[in-house]
Every structure is written in C-alpha cells, then in structure tokens.
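Just below is one structure, and these are the notes that go with it.
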Number of protein chains: 2
Amino acid sequence: MSTTGDDGVGPDVTTLERTLKLVGDRWSILIIRAALRGIRRFDDFADDLGIARPILTKRLQRLVDGGVMAKEPYQQHPLRHEYRLTPAGVALSPALVALIRWGEHHLADGDSEIVLVHAPCGTELEQGFWCRHCATTFGPGAIRARTDS
Amino acid sequence: MSTTGDDGVGPDVTTLERTLKLVGDRWSILIIRAALRGIRRFDDFADDLGIARPILTKRLQRLVDGGVMAKEPYQQHPLRHEYRLTPAGVALSPALVALIRWGEHHLADGDSEIVLVHAPCGTELEQGFWCRHCATTFGPGAIRARTDS
DNA sequence: TGACTGGGTTCTGTTTTGGTACTCACTGCG
DNA sequence: CGCAGTGAGTACCAAAACAGAACCCAGTCA
C-alpha cells in the first residue's frame, strides 16, 4: 500500500483531496464567505471572524497561493493591501451555498433559520443539478463522471 | 442528552460553523463520497480511503452523531454493523459535487480532468442556482438571505 | 518627536490528528 | 477443545495544526 505522506505532487491524491486541503477547514470557508460579503482588509477579517491574527495570516496566504484570493495594494503611501476573491474564489460560491443551505436545513437550531432566496422575487432558491441540454434539474443519482484525459 | 452530542460550547456559533465542524475536514467528506459510491462497512472504508482505523472510528461516530450517517447491524451472530448515509447525508451531495467540480475546474493538474455529466444525455452538468418561480438560473450575486425567526 | 494604526511575525502552550500496536468477540477448522 | 482469522474497535504516543499574547515595523498625524 502506498502510505503517501507527501503533500507535493501526490501520485494518486485526488483533486478533491487537494481542494479540501485548500478550503476544507473551518476558517477558510468562513473567510471566503466574509469576502463574498465584501470584506477586504486584514483587520476587518480578523474583526468579523474573531480569528486569531496568525491563523488569518496563514489562511490568507494559503488562499492566495491556491488562487482563491488575490492580495493587491490599494494605496502606496503607507503601503496597504487588500484581499479579494479571484474569479476562482467566486466560483466557490455554489459549494458555499450548498453547505449553508444544508446546515440550515439539517442542523438548524430552530432559533433562526436562514433561507436563501432569489433576490428579485424572494423565492427560496433550489440547487438541484441542471442539465442545459435536457432543460431539467436532477438529483445526485443521475450524475456520472467522465474522465477527460 | 438523547439528542445530538453537541458540546454546548458555542456562544453564538453560526450554523455554517457547526456544519463545518461536522463535515468540514478532509476525511469526513471523503467518507461521504465513499458512502455515496456504496461503501458501507468499516473495513471497506478503511481500505478504500487509506485512513487509519482510529480516525475512521472517530469520523464515523461524529457523522453518526451529526445525523449524516446511521450505524445499523446487518447481522447478529458475529454482531456486525454497517454505516450508511441518512437522507440528510445524501442531501450533502450538492455541496460535495460543487467542491468536486470546483477542484476539477480550478485545481486540475491537467492530468486527468473529471467532468460530471448528466447520465442520461452526457451533457456536463451545471450548478447555478435555480429559481422555480422565475424558471431561471442565476449567480451568487442574486442571492439574498431571509431570516425566518 | 511621540503616539497611533494597519498589517503582520514570533513565541509559547494546548488541541487535534494520524499511526502502530493491542484487544475483544466471534467463527470455522482440524 | 484450542487456535488462527476477521471485523471492529481502543490505548497510547508522536507530530502537526491551532490559538493566543506579545511584539515589531513602516508610515502618518498632531
């Protein structure tokens, strides 16, 4: 058996595992959610999330390295940076939304259930999978994986 | 406490945080994916994932406590259990699929890109959010959160 | 000049991981 | 009957990740 302990070019490490390595922890996803809400600055993240600074530093670096966020200067004189989501980062929102929705449906404390709705009409959104060709939504049972080598 | 083994330490932890506490780690999601592929038995999980037994034990227990999986005996004489996803566990698949898709699109190593398709027609699936009322898909920008207290 | 602010880094514990090795209950075999 | 084999864990231990307090540094403002 492989006993792979390496984190580099994993031989049979799945992409999913790399994805989880990048965003599969408590803070990263919270950071991404905060970023989707418009938060950009280091201290604002720290303040909003209640995360310890050193961990925030590491998480932001990991996300920058992973291409999820970008660090850009927003002023020169006292050089200051801001962190914003890249398009790849924004593309994580379906996963984020799916997790939020799942939690609200299955882990709700009954206290304050949050429902995500389509802003223009206020209807609760659905997230079944969509096939453009068949113009239909479908469940996980109708998914197949195709490998494009 | 007969219900979920929550450790009651959360001051006002968001539901998302609880969700991440439950499934937001490398192994839990891999276990759920394996379960979606039909794996049921302790040793099959261990073998399929290459996870150490004690960790598998802990993860499975956490998932059982969280209502994602259920542990049921499948034979009595040498008492043996199997772990299977509850409906709540199956409901995690959109999140799982979103993560897999994101990874394949943005973290692909070019080596073997996996594309998830609609089984009946083979078209790559989409996962934008769907509004039944407006009969349209839309992006994260059109999502609003409504609090039902 | 000295205080202040944004954006970190260093240096400590503590918690969580992951692993090896062991146990326990049961079965089938000779 | 005793013994190897299997499924499902525990006990314990090292290593990594996490969390926090304190500190640093560059630049600006008064």
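What you see below is based on every heavy atom in this structure, not just the backbone, and it leaves out hydrogens, waters and symmetry mates. A, B, ... follow the sequence lines: proteins, then strands. Residue 1 opens every chain.
- Contacts of B:Ala88 classified as side-chain contact (heavy atoms from CB on, under 4.5 Å), with partners at least two apart in sequence or in another chain: A:Trp102, A:His106, B:Thr86.
- Residues satisfying the side-chain contact (heavy atoms from CB on, under 4.5 Å) criterion with B:Lys71, sequence neighbours excluded, are B:Val64, B:His81, B:Tyr83.
- In this structure, B:Glu126 does not pair ionically with B:Arg101, as no charged nitrogen and carboxylate oxygen lie closer than 4.0 Å.
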Q | Under 4.0 Å protein heavy-atom contact, by nucleotide of nucleotides 21-29 of chain D - B base, S sugar-phosphate only | A | B-----SS-

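- Considering only residues two or more places apart in sequence or on other chains, A:Arg53 meets the salt bridge (charged side-chain N to carboxylate O under 4.0 Å, His left out) condition with A:Asp43.
- Contacts between residues 34-48 of chain A and DNA chain D, defined by a heavy-atom separation under 4.0 Å, are absent.
- Taking atom CD1 of residue A:Ile55 and atom C1' of nucleotide C:dG13, one finds them 13 Å apart after rounding to whole Å.
- Atoms CD (B:Glu82) and P (D:dA8) sit 10 Å apart, rounded to a whole Å.
- The B:Ala52 side chain lies nearest to C:dG19 when the options are D:dA19, D:dC18, C:dG19.
- Side-chain atoms of B:Glu104 come within 3.5 Å of backbone atoms of B:Ile114 as a donor-acceptor pair (strictly under, hydrogens ignored).
- B:Arg80 is linked by a salt bridge (charged side-chain N to carboxylate O under 4.0 Å, His left out) to nothing, counting only residues two or more places apart in sequence or in another chain.
- Sorted by first then second residue, the side-chain hydrogen bond (donor to acceptor under 3.5 Å, both in side chains) pairs that include residues 31-42 of chain A, not counting sequence neighbours, are A:Arg37-A:Asp48, A:Arg41-A:Tyr74.
- Distance NZ (A:Lys58) to C1' (C:dG8): 14 Å, rounded to an integer number of Å.
- Note on residues 29-57 of chain A: no pairs pass ring pair (Phe, Tyr, Trp, His ring centres under 6.0 Å), not counting sequence neighbours.
- When the P atom of C:dA25 is taken as reference, atom CD of B:Gln75 falls 17 Å away, rounded to whole Å.
- Distance OH (B:Tyr83) to P (D:dG9): 4 Å, rounded to an integer number of Å.
- Among residues two or more places apart in sequence or in another chain, the ring pair (Phe, Tyr, Trp, His ring centres under 6.0 Å) test is passed with B:Trp27 by none.
- Listed nucleotides C:dG18, D:dC18, D:dA19 differ in distance to A:Trp27; the shortest reach to its side chain belongs to D:dA19.
- With rounding to whole Å, B:Leu20 atom CG is found 16 Å from C:dT16 atom C1'.
- To the nearest angstrom, P of D:dG7 lies 14 Å from CG of B:Leu56.
- Straight-line distance from the NZ atom of A:Lys21 to the P atom of D:dA16: 11 Å, rounded to whole Å.
- Between B:Arg26 and the phosphate of C:dG18, there is a side-chain N or O to OP1/OP2 separation shorter than 4.0 Å.
- When the side-chain nitrogen and oxygen atoms of B:Arg59 are compared with OP1 and OP2 of C:dT17, one or more of them lie within a distance under 4.0 Å.
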